[in-house]
Peer 1: 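Got a structure for you, written out below as structure tokens; questions coming shortly.
The chains referred to below are lettered A, B, ... by the order of the sequence lines, with proteins before strands, and numbering in each begins at 1.
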Protein chains: 2
Amino acid sequence: MSGSLQNISGLDRVIHEPARLILMALLSSVASADFLFLLKESKLTKGNLSVQLSRLEEAGYLEIEKTFRGKIPHTEYRLTKKGKSAFDLYRKSLGSIFK
Amino acid sequence: MSGSLQNISGLDRVIHEPARLILMALLSSVASADFLFLLKESKLTKGNLSVQLSRLEEAGYLEIEKTFRGKIPHTEYRLTKKGKSAFDLYRKSLGSIFK
DNA sequence: TAAACAGGTTTATTATATAAACCTGTTTAT
DNA sequence: ATAAACAGGTTTATATAATAAACCTGTTTA
């Protein structure tokens, strides 16, 4: 493989999946976000969103903070340091296809 | 979805898959290539390469020209116009995550 | 008090990537 | 002459996964 392209085979699959890529991009642009915000911005279904967020959490890319706002549960999602650097690396790796 | 990110959910899955993304990138940089060249450059296994090339052909993204070199069959793969513009569009769509 | 909604989670279905096994013909070594 | 190795693939089997649909628990509104 002639150099830069080799990064692509090692592309982080957790991030590469479009549903999660959108979430990572969204989350990287804000300090934190709640479920409804992500639901609306990503246009994913609730179920899909929930699964993908769990997957990102398992990977250690985001932390989930569950609190209450009055009586209603409220959850905030935010990228971890690990998540941020994984996303940075992902973007660098992908850079090779943009010449 | 706040504008540019929406392109990502519509990302061309045929191209998005890393194995095929490598092939598209390779093929977009040459006029045509044969199986062995792609095998070596992509580092895919033969089986996987064969399947992915078929998938790209089905999508109309590449054409396969089978000839003989003396007695040995020789196959050349090259991107179609459709393949080239699909790859261009893919890169544009992905551009949104690079700010 | 019933219906609707917020905020999710779990389950089931379908698709898919990948490697491994296989195949056909050719060339090389013995 | 014949066996072994190789070119150039294709087919099959397996395992992972994305996604939507169904479900759940509690709260608010009519």
Peer 1: Measuring from atom CD1 of I8(A) to atom CG of L23(B), what distance do you get when rounded to the nearest 0.5 angstrom?
Peer 2: 10.5 Å

Peer 1: May I have the distance from I15(A) (atom CD1) to dA17(D) (atom P), rounded to whole angstrom?
Peer 2: 15 Å

Peer 1: Hey, does R20(A) reach any base, or is it just sugar-phosphate, or nothing, if we go heavy atoms under 4.0 Å?
Peer 2: sugar-phosphate

Peer 1: Apply side chain to side chain donor-acceptor pair (under 3.5 Å) to the pair N7(A) and Y90(A), showing each step before the final yes or no.
Peer 2: CA-CA 9 Å; N7(A) 302 316; Y90(A) 174 82; over 6 Å; no

Peer 1: Which part of the nucleic acid, if any, lies within contact of F37(B), taking any heavy atom under 4.0 Å across all strands shown: a base, the sugar-phosphate backbone alone, or nothing?
Peer 2: nothing

Peer 1: May I have the distance from H16(A) (atom NE2) to dA17(D) (atom P), rounded to whole angstrom?
Peer 2: 14 Å

Peer 1: Whole angstroms only, please: what is the CD-P distance between E17(A) and dA17(C)?
Peer 2: 11 Å

Peer 1: Once rounded to the nearest 0.5 Å, what's the spacing between atom CZ of F87(A) and atom CG of L62(A)?
Peer 2: 12.5 Å

Peer 1: Any stems for DNA chain D, made of 3 or more Watson-Crick or G-U pairs in a row, each with both distances under 3.5 Å?
Peer 2: C:1-30 with D:1-30

Peer 1: For R55(B) and G47(B), find the nucleotide of DNA chain C closest to each by heavy atoms; which residue's nucleotide sits nearer the 5' end?
Peer 2: R55(B)

Peer 1: Taking CG from L56(A) and P from dA18(D), how many angstroms apart are they, rounded to a whole number?
Peer 2: 10 Å

Peer 1: Is it the case that the side chain of H74(B) and the backbone of E65(B) share a donor-acceptor pair, with hydrogens and angles ignored and the cut-off at 3.5 Å?
Peer 2: no

Peer 1: Do any side-chain nitrogens or oxygens of T75(A) fall under 4.0 Å of OP1 or OP2 in dG8(C)?
Peer 2: yes

Peer 1: What's L36(B) touching, base or sugar-phosphate or nothing? Going by heavy atoms closer than 4.0 Å.
Peer 2: sugar-phosphate

Peer 1: Got a donor-acceptor contact below 3.5 angstrom from the R20(B) side chain to the V14(B) backbone?
Peer 2: yes

Peer 1: Rounded to the Å, how far apart are F35(A) CZ and dG8(C) P?
Peer 2: 6 Å

Peer 1: Please evaluate residues E63(B) and T80(B) with respect to the criterion side chain to side chain donor-acceptor pair (under 3.5 Å), reporting the C-alpha separation (whole Å), side-chain torsions for both, the decisive distance (0.1 Å), and the verdict.
Peer 2: CA-CA 6 Å; E63(B) 51 191 16; T80(B) 59; over 6 Å; no

